[in-house]
S.K.: 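The structure that follows is given in the form of C-alpha cells.
In what follows, chains carry the letters A, B, and so on, assigned in the order in which the sequence lines appear, proteins first and then strands, with residues in each chain numbered from 1.
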There are 2 protein chains.
Amino acid sequence: MPRPSQALLSRRRIVETAARLIDADGLEAFSTRRLAGELGVRGPSLYNHFANKDEILDAVADAVIAEVDVSVFGTHGWREALLGWGTSYRDALAAHPNIVPYLAQGPGRRPAALAMADAVYGGLVKAGWPPARATHIGAVMRYLVAGSALGSFARGFVEDPELYAAHYPHLSQAHRLAGHQRSVDEGAFRLGLQALITGLAAEYEATIGPLPPLEPSADSYYSRNLQR
Amino acid sequence: MPRPSQALLSRRRIVETAARLIDADGLEAFSTRRLAGELGVRGPSLYNHFANKDEILDAVADAVIAEVDVSVFGTHGWREALLGWGTSYRDALAAHPNIVPYLAQGPGRRPAALAMADAVYGGLVKAGWPPARATHIGAVMRYLVAGSALGSFARGFVEDPELYAAHYPHLSQAHRLAGHQRSVDEGAFRLGLQALITGLAAEYEATIGPLPPLEPSADSYYSRNLQR
DNA sequence: GAATAAAACTAACGCTGGAAGTTTTATTTC
DNA sequence: GAAATAAAACTTCCAGCGTTAGTTTTATTC
C-alpha cells in the first residue's frame, strides 16, 4: 500500500505516541517498530518524518521541557523564581522520568530547552548575578532537578528486611522507604531546593548586596517557603 | 573448543573490561558480543559467569561506587563530611559518566552502594539529624551528584553562535561554554554543594541546635571551604 | 496533463541478547 | 584410580532491533 490519499502520520502524532510509549514502558522497551505498530503503520514509514530514532527522542525530550513554566522570572525576585521554576521543572520531569537520562544531556538545538535556558540565565543576570555565576546556578538547578527526576530514591531500596540485617546496621528501616516513595522523594527535593536557595542567598548577600525583598503577599506560595 | 584447562574468564576480568568499554564507547555501544570479543571469547561464554547483561552492568555500577570515600563521616563533622563525601562521590561518577544513568536508580542489592548509604545515613543520624531528614539529605546529595555527573552542562550547548542569535537574546555567549567545560562544570558543582550545605546548616541551627565547630586545623580543606 | 515529489509498503541487511545443544576438561564421589 | 557429575568454552539458532533500498500509489508542482 503506497502513499495514502490522507496522511496517516504527522510529526506531532509520532512524538505524542512516542512519549506515551516511553512513559508506559521505558526507554529500553521503546522501538521504532513498536511505535509504528501503535500508529498503525510500519517501521520504515517513520523515516519519512524523522531522520532517525534519535531525532524522535529529541523531539520527545523537548516536548517535556516545553511543559516547564519559566514565567516567574519575569514576575518575581530571583529566589521565588528559582523556587517556582525549580518546582515546575521537576514536576515536568517527574511526570516523564523515563526520558530524563536522554534529555539531561543539555539543550543541544532543542527550541524549548534553549528558551528555558534563555529565560533563566537572563532572569538571574538581571537580578544582579554575575554572568559566570548565573551559568553555574543554571547548571546546579539542572543537576538537582534531573538528578531528582532520574528515578525514585525511595524505590531504589529493596523491600526486603533481610537484605540489610547482616551488614548494614544503620539501614534497618530502609525496606520501608519504597512504601513512602512520594513523601520521601518530594520531601527530599523540597529540602534540597530550599537549602540551595538559602545558601545562594547567603552568597548573594556576601558578594553582591542586599537581597531583594520577598513578595509581601500573605498568600504567596514563594514567600511562605523562603521565610527566614 | 570446549572447556579450557585454564579458566579464560573471571567475573572480575569481565567487569573490568566492561567498565573500560563503557567508559570508552558509552552504554549504547556496549554489547555482550563486543565485550566477549575484547576478552577473547564468544558472547554466550559470558553467561557462565553472569545471568544476563543487566547483571554485568550492575557489577560495573557497584565497582564505580566502591571508589567513593565515605571515611570522612567517621572523622569529621557532618558539614565537612558532606563536602568531602560529595566531592569524592562526584569525582567517582565523573570519571565514569556513561554508567551514571544506570547506577542512579538506587542501591538495589549492590554491596558497595548499600555500604555507602549505611555510612552516610548513620553519620547524619549520629550528628543529630532526625532519621527522616537524614534520608532526605542522602537523597538530595544523590540528586546533585548524579545530576552533575550525567554529562557536561557546558558541552550541552552547541558551539554555533548562529543558533542563538535570532531567538535567544541572553544566550549570545553560550557557544563558548563548551570550550570552558571543566571550569564551568566543576565551578557549578562546587557552588551547588557549598550552597546546599550552607542551607542545611541554617536548618540545623533553626531546628536542632548549634552547629558542631569546624575543624580548627588551618590546612583543612573542609574548614577552608565552609567558612562563613 | 506530464513531471516531480512525497508517503506508505516490502524485503533485506547487519547487529543485538540470549537459549539450546555439543564437546572437553575439572571436580567430586565412591 | 575410575566413574559420574559439573563447569566452561564453543556453535547454531531464534526473535528482535534500526535502518537502507526499492516499489507503488497519490499529491503537488510546473
Side-chain angles (χ1 to χ4, degrees), chain A residues 1-63 98-99 101-103 105 108, chain B residues 1-63 98-99 101-103 105 108:
Chain A
M1 192 268 278
R3 177 174 174 158
S5 47
Q6 299 274 76
L8 299 182
L9 297 177
S10 67
R11 285 177 70 100
R12 180 188 180 128
R13 187 155 168 257
I14 292 170
V15 172
E16 284 172 353
T17 305
R20 209 175 65 237
L21 284 180
I22 291 163
D23 284 343
D25 306 323
L27 253 186
E28 274 195 23
F30 177 74
S31 72
T32 52
R33 293 177 205 222
R34 178 82 201 283
L35 174 58
E38 281 285 310
L39 292 161
V41 301
R42 294 317 187 97
S45 302
L46 300 174
Y47 296 89
N48 291 314
H49 303 263
F50 288 91
N52 48 49
K53 185 180 173 181
D54 250 13
E55 212 179 278
I56 297 172
L57 293 178
D58 230 43
V60 171
D62 216 40
N98 297 333
I99 195 74
Y102 191 85
L103 68 73
Q105 304 297 337
Chain B
M1 192 266 279
R3 176 170 176 161
S5 45
Q6 299 273 75
L8 298 183
L9 296 176
S10 67
R11 286 178 67 103
R12 180 188 181 128
R13 188 157 166 257
I14 292 170
V15 172
E16 284 172 353
T17 305
R20 210 176 64 237
L21 285 181
I22 291 163
D23 284 344
D25 307 321
L27 254 186
E28 276 194 23
F30 176 73
S31 73
T32 52
R33 290 177 209 226
R34 179 81 202 284
L35 174 58
E38 280 285 312
L39 292 161
V41 299
R42 296 315 186 100
S45 303
L46 298 174
Y47 297 90
N48 289 315
H49 303 263
F50 288 90
N52 49 49
K53 184 181 175 182
D54 251 12
E55 211 178 279
I56 297 173
L57 293 178
D58 231 45
V60 171
D62 216 40
N98 296 333
I99 195 75
Y102 193 84
L103 67 72
Q105 304 297 337

S.K.: Which residue lies toward the 5' end of DNA chain C, A/Asn48 or B/Gly43, if each is placed at its nearest nucleotide?
M.R.: A/Asn48
S.K.: Per the atom types in the model, does the base of D/dG16 pair as donor or acceptor with the side chain of A/Arg33 at under 3.5 Å?
M.R.: no
S.K.: Touch check for B/Phe50, heavy atoms < 4.0 angstrom, all strands: base, sugar-phosphate only, or nothing?
M.R.: nothing
S.K.: Go through D/dA9, D/dT11, C/dA8 for me and flag the one nearest to the B/Arg42 side chain.
M.R.: D/dT11
S.K.: Distance check needed: C/dT24 P versus B/Arg3 CZ, whole Å only.
M.R.: 14 Å
S.K.: Distance check needed: C/dA7 P versus A/Tyr47 OH, whole Å only.
M.R.: 16 Å
S.K.: Looking at every non-hydrogen atom in both residues, tell me the closest pair between A/Arg34 and A/Ser31 and how far apart they are.
M.R.: N-OG, 3.0 Å
S.K.: Less than 4.5 Å apart, side chain to side chain, heavy atoms only: is that true for B/Ile22 and B/Leu57?
M.R.: yes
S.K.: In whole angstrom, what separates A/Leu35's CG from D/dG16's C1'?
M.R.: 16 Å
S.K.: Minimum heavy-atom separation for B/Arg13 and B/Leu39, please, with both atom names.
M.R.: NH2-O, 3.4 Å
S.K.: Can you measure A/Arg11 atom CZ to C/dA7 atom P for me and round it to whole angstrom units?
M.R.: 11 Å
S.K.: What integer distance in Å separates A/Leu27:CG from D/dC17:P?
M.R.: 14 Å
S.K.: Mapping B/Val41 and A/Gln6 to their closest nucleotides on DNA chain D, which lands nearer the 5' end?
M.R.: B/Val41
S.K.: From the list D/dT19, C/dA8, C/dT23, which nucleotide is the closest neighbour of the side chain of B/Pro2?
M.R.: C/dT23
S.K.: Just compare D/dG18, C/dA19, D/dA9 and give me whichever is closest to any side-chain atom of B/Pro44.
M.R.: C/dA19
S.K.: Report the distance from atom CZ of B/Arg34 to atom C1' of C/dG17, rounded to the nearest whole Å.
M.R.: 16 Å
S.K.: Could you tell me whether B/Arg20 and B/Glu16 make a salt bridge, using a distance below 4.0 angstrom between a side-chain N and a carboxylate O?
M.R.: no
S.K.: Quick one: B/Glu28 CD to C/dG17 C1', roughly how many Å, whole number?
M.R.: 16 Å
S.K.: From D/dA9, D/dG18, C/dG17, pick the nucleotide closest to the side chain of A/Lys53?
M.R.: D/dG18
S.K.: Which sits closer to the 5' end of DNA chain C, B/Ala29 or A/His49, going by the nucleotide each is nearest to?
M.R.: A/His49
S.K.: Give me the atom names and distance for the closest heavy-atom approach of B/Glu55 to B/His49.
M.R.: OE2-O, 4.5 Å
